[in-house]
Amino acid sequence: MSTLRFFAIKETLNRKPVEILEGKRRSELFGENVFNKETMRQSLTKDAYESVNSAIEKGTKIDRNIANQIAQSMKDWALSKGVTHYSHWFQPLTGTTAEKHDAFFETIDDGGAIEKLGGSQLVQQEPDASSFPNGGIRNTFEARGYSAWDPTSPAFIFGTTMYVPTVFVSYTGEALDNKTPLLRALNAIDNASVAVCKYFDKNVKKVNASLGWEQEYFLIDSALVSSRPDILLTGRTLLGHSSAKGQQLDDHYFGTIPTRATAYMRDLEIECMLLGIPVKTRHNEVAPNQFELAPIYEEANLAVDHNSLLMDVMNKVAERHNFKVLFHEKPFKGVNGSGKHNNWSLSTNTGINLLSPGKTPMSNLQFLTFFINTIKAVHDNEELVRATIASASNDHRLGANEAPPAIISVFIGEQLTSVLKELENVTNGKLSPKEKTDLKLNVVGKIPEILLDNTDRNRTSPFAFTGNKFEFRAVGSMANCANPMTLINSIVAKQLMDFKVEVDALISKKELKKDEAIFNVLREYIKKSSNILFEGNGYGEAWEIEAAKRGLSNNKTTPEALKAKISDKTIAMYKSVGVMNRVEVQSRYDIEMEDYILRVQIEGRVLGDLARNHVVPTAIKYQNTLISNVQGLKAIYEDDFKRVAHAQLELIEDISERVDIINTTVTKMINKRKDANTIDDLERKATVYCKEVKPMLDEIRYHCDKLELLVDDELWPLTKYRELLFTT
Ligand code: ADP
Ligand code: MG
């Protein structure tokens, strides 16, 4: 083993887990560092509290004077906890989070200083935003982006800084972040759902979308990561032969969590408690060194913030434990990748989960209404659904080798399938009294309240109904949940608006009773969207063929998939629900296309370097050893040397051939990148990177990995898969 690899591993094995003392119960720590309702009630005047509360519940504006009071209380609370700085915290379109810290510290006239936070500083800030991606919305000379307080997500303390969650918008009002469209989508789904709920219950005033994410990740020792430039710079391994043992024994999933990983998780969970992130579940995932963490679900905006915050905190806590967290969707070839299931549902202010079957036929009809409208929304927008989760890294997880296809389908389970079959036969127009009773009692009335156990069997579906929620499973582990949440809430809001129009029309024009009208519209929806329903193996080849027959899209790569984001249909949809205008949609598309190009470009550069400066020189060094060996044998055996040097000669040739292929392919790849970089049109450029540059990465890797198997282990400079995946 090379000295570099030897020391990296030795250092890892000597590590002791950092233990932190708990003392208190977790429930006592929960939300301790959050300026939540409880804290506000204690520290704000009645007026101020009511004002924030109404901003949270009803979206009303907060008056300047009140903002001053709130800022003052927030500052006092933060100072009492040893905080020195505050920061507007936002989610720019890079997909991560951004922060700029300011001290509370202010000088005063007499030369002294005080701690201060004014209302205006709390409510709005103007960070220099010229370096965030904006897709051409703002010219850099007027690079003004404003961050504005989002009172629906509470301020929190991490370290010695108080963070205020904010939206980030341009001077002209366009969204420059992931949160703004999300808040608009949540508003749209609220309005559309409340309007539909009125058919069933006049008391419904507000509908909240909920999100429960499940975060998968790999934990790798940081010393080992430092010895791998590819992981360091791209988040994944660009080469490396698979380990003799991988995940084939299925011994990692739900296995005993390694001690060092447990210590990390404990530390992380305590930080989460303090931050009010309700983490609950932790376990090993399928691949070695792969884990999952899931919270109790929350209101979607808060849950999205909590996931972004969690990813930051995971990185920070990992530093203490000398781990590096890999969020990449496919860090290692040949073992499972990571995803982030988004569990989504809708609940009313009256405490009803609209995606949970109820106790009465009427509440079940309400359930079916939301259930079927969601299916219809996914059906009508399947290509956009696929586009929303597209990224260079998620391409390795969807539509690639050893990965499920990039086809969107919905799994609902046997029982609900048969309910939909029966509803498909509802009479067109008025229903006979017998049919009405039959529908109510035998079809709708028969949906069991607890579907959970019957529905969660199929783990291969990208969008599955799991008893009381839909689970969007195709989301990548690196993704910001704001995007899938903006999408689902927007398409379902649009669908519910259309549904209401159709039902109202049947009631007024055809004089149908409300229930009759609803049954009639739902029947048509079931017929129209049945193509999206699929109960079989979503990972099988047969499904790709079947899906093509059904006319479902199968966009395997990001450049192909993203097109659906700027179709006229998409732009009209986002406009109709007031979530994004054409400029905002287009700018996001541009940013994502560019992100794709840049990521493949960086991977190309890193692999070129690894291949030329690490692999090839090492192979040649080993080849030289073989050559001197052959020369020695020749001196001893003279003409007979070929008999004894047979293996060495073969190895020498094999190395030469592979070195030659690697070297020429690296040159070709560099030239192809140069060509591609002259193309202005983003889609064409991304396509060249995807179809012409990327395959060369695979070609180079293939031969590097073969060399890894040939070359003396003592010389090989790069930490191997078995070391990365099996050292904890
Ligand atoms: P798994 O998918 O691993 O079997 P579960 O189905 O138990 O796990 O739950 C996964 C996630 O779904 C958790 O984060 C949980 O809080 C969330 N969840 C449960 N009910 C809902 C709901 N009504 N709305 C949104 N998320 C939910
Ligand atoms: Mg799940």
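Just follow the structure's listing: the first ligand is 1, and inside any ligand the first atom is 1. Side-chain atoms are counted along with the backbone in the values below, which use heavy atoms only and exclude waters and symmetry mates.
Those atoms of ligand 1 that come under 4.0 Å of a heavy atom in N353, given as number and element, are 23 (N). With ligand atoms numbered from 1 in the order given, ligand 1 contributes 14 (O), 25 (C), 26 (N) to contacts under 4.0 Å with heavy atoms of G212.
At least one N or O atom of Y297 sits closer than 3.5 Å to an N or O atom of ligand 1. By the 3.5 Å distance cut-off applied to N or O atoms, E214 is counted among the residues near ligand 1.
Of the N and O atoms on the side chains of N373 and Q495, at least one donor lies less than 3.5 Å from an acceptor on the other residue. Residues D305 and W89 bring no donor and acceptor atom of their side chains to less than 3.5 Å of each other. Residues K340 and N307 have side chains that bring a donor and an acceptor to within less than 3.5 angstrom of each other.
Within the structure, ligand 1 has I296 among the residues with a heavy atom less than 4.0 angstrom away. Residue contacts with ligand 1 leave out H341, since none of its heavy atoms falls under 4.0 Å from the ligand.
When non-hydrogen atoms are compared, ligand 1 lies under 4.0 Å from the backbone of N343 as well as from its side chain.
In this view, T369 satisfies the side-chain hydrogen bond (donor to acceptor under 3.5 Å, both in side chains) rule with no residue, not counting sequence neighbours.
Here the closest non-hydrogen pair linking E535 and G413 is OE1-N, 2.9 Å.
Atom 9 (O) of ligand 1 has its nearest heavy-atom neighbour, among K469, R473, E471, in K469. Looking at S345, P295, A300 and measuring to atom 24 (N) of ligand 1, the nearest heavy atom belongs to S345.
Using bins of under 30°, 30° to 60° and over 60° for the plane-to-plane angle, the ring pair F465/F371 lands in the perpendicular bin.
Summarising the geometry, atom NZ belonging to K179 is positioned 4.5 Å from atom OG belonging to S153; distances are rounded to the nearest 0.5 Å.
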